[in-house]
Peer 1: 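Please see the structure below; I have some questions.
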Amino acid sequence: MAVDNDGIAVVTLQRPPVNSLNLDLLQAMNNTFDDVAKNKSKGMILTSASPTVFSAGLDIMEMYKPDPKRLETFWVTLQDMWLKLFGASFPTAAAINGHAPAGGCLIATSCEYRVMLSGKFTIGLNETALGIVPPTWIQDSLRHTIPTRQAEIALTTGKMFTVDEALKWRTNRGAEGAARLGPPVLEGPQMPPRSPDQILNKTLKMCLSPKMALDTGIIKLNALNEYLVTERTTIVDNAITFGIKKCNDMDINIQKRGRRKVGLIDETAADKAEAIEKCKKFIKRFDKIPSLARGMTKQIFRQEVLQKLLTNRQADTKQFLDLVNQPKIQQSLELYLAMLKQKSQK
Ligand SMILES: CCCCCCCCCCCC/C=C/CC(=O)SCCNC(=O)CCNC(=O)[C@H](O)C(C)(C)COP(=O)(O)OP(=O)(O)OC[C@H]1O[C@@H](n2cnc3c(N)ncnc32)[C@H](O)[C@@H]1OP(=O)(O)O
């Protein structure tokens, strides 16, 4: 852990080669989180010493042919890590400088803000694809980060997101739809916007024109049609300007037509230094907010999810131990480890 001049702690996971979460690393994380709380750090940023992996998730070796007592301690320590991180009163952010599968994604989604390096990295909860049901609190971390429906699809498909996919979900128009619609409106030529007053005056003028005075339905319709045709660009422009203003007011980032940002990650960065800087900027947003009020508000906001695990802790542990001790799961772990080894030797 390194604390900078602003009082922000940067905690670097350093367990080569892939920061897989074994008992020792989880215990070290828990001690560090306690220190950050004790030192009253302004906030904490989690990152990795590896240039390509944030964390490979749970260390499979802890679950393969395990010692029963150690296996139980391992799971309880993982629960502790999540309770401390997800429930931390201080601001937390993850500078995700590489792959973040399964438990790696759990760490990232337990933080309040995520900046991921652009590149061929992936992030997600892939448990279902491995034939495992992710425990409720692991699912809750994702559900707390992205919209419920997207979380359900991601969890049931074991989806691993590319960085671009993680940053923003496409609307149902999708990429093809957006392409069919032509270049993004915001990048296209812009008409000088007119104020609503100008538009209203123009409409009134049109309604009082001689054509309108004739008072026949068809002529009125023609007049309206003419107005709509001649003013369509202005009308569309004004609608867009109004929409953009509303989106800005609501802090919705619409960078391109056909897409909206919902975000398993909040931002991307070119390198680790930039990712850490962006995380610091997020933490500094709270500079003028009383820290007690901020921390308590966050904990109340997360209380329901935290309480669920606290209430069901023993049952959750038993479920894990029963699962891992199944001969079928041990067989799968053996195959999975062999597959990982084979891949790494290529
Ligand atoms: C069927 C298996 C399921 C396992 C769980 C069953 C038990 C039930 C538990 C229920 C709880 C549910 C919660 C689960 C959450 C988890 O976190 S489970 C762990 C899931 N993690 C993964 O699937 C990631 C696997 N790793 C990778 O995909 C890649 O390693 C990587 C993309 C992270 C990095 O790739 P690369 O940089 O190319 O490194 P590699 O060459 O692949 O690996 C180097 C080295 O590390 C070993 N290794 C990788 N991951 C793990 C790991 N999670 N645990 C232990 N060891 C790992 C890999 O074998 C290589 O070792 P050697 O150098 O060959 O010795």
Side-chain angles (χ1 to χ4, degrees), residues 13-26 29 47-68 70-82 85-86 94 96-110 116-117 119-142 154-163 166 309 312-313 315-346:
L13 302 174
Q14 197 159 7
R15 183 170 181 260
V18 290
N19 283 328
S20 60
L21 304 168
N22 72 346
L23 178 58
D24 297 347
L25 180 57
L26 289 169
M29 287 167 80
T47 191
S48 151
S50 156
T52 53
V53 183
F54 178 66
S55 167
L58 302 191
D59 190 331
I60 309 281
M61 293 309 291
E62 290 284 6
M63 298 178 278
Y64 178 58
K65 295 188 178 165
D67 167 72
R70 185 179 167 105
L71 185 66
E72 182 172 350
T73 311
F74 168 69
W75 191 252
V76 170
T77 311
L78 176 73
Q79 292 171 335
D80 276 337
M81 187 280 292
W82 180 77
L85 184 57
F86 190 80
I96 311 164
N97 54 326
H99 297 288
C105 178
L106 174 72
I107 300 172
T109 51
S110 303
M116 190 161 180
L117 258 58
K120 287 189 172 166
F121 302 127
T122 55
I123 179 168
L125 293 177
N126 61 342
E127 284 84 348
T128 316
L130 302 176
I132 316 162
V133 179
T136 313
W137 49 283
I138 295 185
Q139 297 193 26
D140 280 342
S141 276
L142 188 69
L155 283 163
T156 50
T157 57
K159 167 93 177 150
M160 291 299 295
F161 296 85
T162 64
V163 177
L309 176 61
N312 295 309
R313 227 177 145 168
D316 181 77
T317 306
K318 182 174 180 316
Q319 218 168 9
F320 169 73
L321 298 177
D322 288 348
L323 178 75
V324 172
N325 286 317
Q326 280 178 27
K328 217 173 77 192
I329 290 289
Q330 284 299 315
Q331 232 171 20
S332 304
L333 287 170
E334 188 168 318
L335 287 174
Y336 195 57
L337 276 167
M339 186 277 287
L340 282 174
K341 231 175 216 359
Q342 200 181 27
K343 182 182 89 68
S344 86
Q345 279 159 5
K346 273 189 188 161

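Counting begins at 1 with the first residue of the sequence. Whatever order the structure lists ligands and atoms in, that order sets their numbers, starting from 1. Atom set for the values below is all heavy atoms of this structure, side chains included, hydrogens, waters and symmetry mates excluded.
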Peer 1: Closest by any non-hydrogen atom to atom 4 (C) of ligand 1: pick that one out of Ile329, Leu130, Leu58, Leu333.
Peer 2: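 When every heavy atom of Ile329, Leu130, Leu58, Leu333 is considered, Leu333 comes closest to atom 4 (C) of ligand 1.
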
Peer 1: Provide, to 0.1 Å, the distance between atom 8 (C) of ligand 1 and the closest protein heavy atom, together with that atom's residue and name.
Peer 2: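 For atom 8 (C) of ligand 1, the nearest protein heavy atom comes out as Leu323 CD2, 3.5 Å.
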
Peer 1: Are any non-hydrogen side-chain atoms of Thr128 and Pro134 less than 4.5 angstrom apart?
Peer 2: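 A side-chain contact exists here, since the closest heavy-atom pair is under 4.5 Å.
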
Peer 1: Would you verify that at least one protein heavy atom lies under 4.0 Å from atom 31 (C) of ligand 1, or report that none does?
Peer 2: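 No.
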
Peer 1: Ignoring hydrogens, just give me the one of Phe320, Phe54, Tyr64 whose non-hydrogen atom is nearest atom 9 (C) of ligand 1.
Peer 2: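 Nearest heavy atom to atom 9 (C) of ligand 1 lies in Phe320.
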
Peer 1: Return the residue, atom name and 0.1 Å-rounded distance of the protein heavy atom closest to atom 49 (C) of ligand 1.
Peer 2: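 Among all protein heavy atoms, the one nearest atom 49 (C) of ligand 1 is Val18 CG2, 3.6 Å.
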
Peer 1: If you have a sec, work out which protein heavy atom is nearest atom 11 (C) of ligand 1 and how many Å separate them, to one decimal?
Peer 2: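 It is Trp75 CH2, 3.7 Å.
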
Peer 1: With a cut-off of 4.0 Å, which atoms of ligand 1 are near a heavy atom of Ser20?
Peer 2: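 Every atom of ligand 1 under 4.0 Å from some heavy atom of Ser20: 52 (C), 54 (N).
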
Peer 1: Near Gly57, which atoms of ligand 1 are under 4.0 Å from a heavy atom of that residue?
Peer 2: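 Counting from 1, the qualifying ligand atoms are 17 (O).
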
Peer 1: Please examine the side chains of His99 and Val18, heavy atoms only from C-beta on, and report whether any two atoms are closer than 4.5 Å.
Peer 2: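 Counting from C-beta outward, Val18 and His99 never come under 4.5 Å.
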
Peer 1: Tell me, please: is Gly131 in heavy-atom contact with ligand 1, that is, under 4.0 Å?
Peer 2: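 No, Gly131 has no heavy atoms under 4.0 Å from ligand 1.
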
Peer 1: Answer yes or no: does atom CD of Gln342 have more than 12 heavy-atom neighbours from other residues, nucleotides or ligands under 6.0 Å?
Peer 2: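 It does not: Gln342 CD has 12 such atoms or fewer within range.
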
Peer 1: Counting non-hydrogen protein atoms only, what is the nearest one to atom 23 (O) of ligand 1? Give residue, atom name and distance.
Peer 2: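 Protein heavy atom at minimum distance: Tyr336 OH, 2.4 Å.
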
Peer 1: Begin with the C-alpha distance, continue with both residues' side-chain angles, and end with the deciding distance and a verdict on side-chain hydrogen bond (donor to acceptor under 3.5 Å, both in side chains) for Asn19 and Ser55.
Peer 2: CA-CA 5 Å; Asn19 283 328; Ser55 167; over 6 Å; no

Peer 1: What atoms of ligand 1 come within less than 4.0 Å of a heavy atom belonging to Val53?
Peer 2: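 Within the 4.0 Å cut-off of Val53, ligand 1 contributes 34 (C), 37 (O).
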
Peer 1: When you measure from atom 38 (O) of ligand 1 to each heavy atom in Lys343, Gln345, His99, which option holds the nearest one?
Peer 2: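 Of the listed residues, Lys343 has the closest heavy atom.
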
Peer 1: Among Ala102, Gly98, Ala100, Ala338, which one puts a heavy atom closest to atom 16 (C) of ligand 1?
Peer 2: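 Residue with the shortest heavy-atom distance to the ligand atom: Ala102.
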
Peer 1: If I take atom CG from residue Asn126 and atom NZ from residue Lys159, how far apart are they, to the nearest 0.5 angstrom?
Peer 2: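 These two atoms lie 12.5 Å from each other.
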
Peer 1: In the protein, what heavy atom is nearest to atom 3 (C) of ligand 1, and what distance, to one decimal place, separates them?
Peer 2: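 Checked against all protein heavy atoms, atom 3 (C) of ligand 1 sits closest to Ile132 CD1, 3.2 Å.
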
Peer 1: Using side-chain heavy atoms (C-beta onward) and a distance below 4.5 Å, is Leu21 in contact with Glu62?
Peer 2: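 The answer is no; the side chains never approach within 4.5 Å.
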
Peer 1: Assess the side chains of Trp137 and Asn312: does a donor N or O sit below 3.5 Å from an acceptor N or O?
Peer 2: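 Note: Trp137 and Asn312 side chains miss the donor-acceptor criterion.
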
Peer 1: Do Leu125 and Thr109 make a side-chain contact, defined as non-hydrogen atoms from C-beta onward lying under 4.5 Å apart?
Peer 2: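 Leu125 vs Thr109: side chains apart.
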
Peer 1: Enumerate the atoms of ligand 1 whose separation from the nearest heavy atom of Asn126 is less than 4.0 angstrom.
Peer 2: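 Near Asn126, the atoms of ligand 1 are 23 (O).
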
Peer 1: Does some non-hydrogen atom of Phe121 fall short of 4.0 Å from ligand 1?
Peer 2: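 It does not, in that no heavy atom of Phe121 comes within the 4.0 Å cut-off of ligand 1.
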
Peer 1: What protein heavy atom lies closest to atom 45 (C) of ligand 1? Include the residue and the distance to one decimal.
Peer 2: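 Going by distance alone, atom 45 (C) of ligand 1 is nearest to Pro17 CG, 3.7 Å.
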
Peer 1: Any heavy atom of Pro101 closer to ligand 1 than 4.0 angstrom?
Peer 2: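 Per 4.0 Å heavy-atom rule, Pro101 contacts ligand 1.
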
Peer 1: Can you tell me how far CD1 of Ile96 sits from CG of Leu117, rounded to the nearest 0.5 angstrom?
Peer 2: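 CD1 of Ile96 is found 9.5 Å from CG of Leu117.
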
Peer 1: Considering the options Thr317, Thr73, Leu58, which one meets the side chain to side chain contact (heavy atoms under 4.5 Å, CB included) requirement together with Leu78?
Peer 2: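 Considering Thr317, Thr73, Leu58, a side chain to side chain contact (heavy atoms under 4.5 Å, CB included) with Leu78 is found only for Leu58.
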
Peer 1: Pick one: which of Gln330, Glu72, Met61 meets side chain to side chain contact (heavy atoms under 4.5 Å, CB included) with Pro66?
Peer 2: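 The residue from Gln330, Glu72, Met61 that satisfies side chain to side chain contact (heavy atoms under 4.5 Å, CB included) with Pro66 turns out to be Gln330.
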
Peer 1: Is there a side-chain contact between Trp75 and Pro135 in this structure, where contact means two heavy atoms from C-beta onward sitting under 4.5 Å apart?
Peer 2: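 With C-beta onward as the side chain, the pair touches.
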
Peer 1: Could you check which of Leu340, Asp59, Thr122 puts a non-hydrogen atom nearest to atom 26 (N) of ligand 1?
Peer 2: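 Residue with the shortest heavy-atom distance to the ligand atom: Leu340.
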
Peer 1: Salt bridge check, Asp24 against Arg15: does any charged N sit closer than 4.0 Å to a carboxylate O?
Peer 2: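 Salt bridge absent between Arg15 and Asp24.
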
Peer 1: How far is atom 41 (O) of ligand 1 from its nearest protein heavy atom, and which residue and atom name does that atom have?
Peer 2: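 Protein heavy atom with the smallest distance to atom 41 (O) of ligand 1: Ser344 CB, 2.9 Å.
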
Peer 1: Specify side chain, backbone, both or neither for Leu106, according to which of its non-hydrogen atoms lie closer than 4.0 Å to ligand 1.
Peer 2: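 Leu106 to ligand 1: no contact under 4.0 Å from either part.
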
Peer 1: Looking only at protein heavy atoms, which one is nearest to atom 33 (C) of ligand 1, and what is the separation?
Peer 2: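 Minimum-distance protein heavy atom for atom 33 (C) of ligand 1 reads Ala56 CB, 3.6 Å.
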
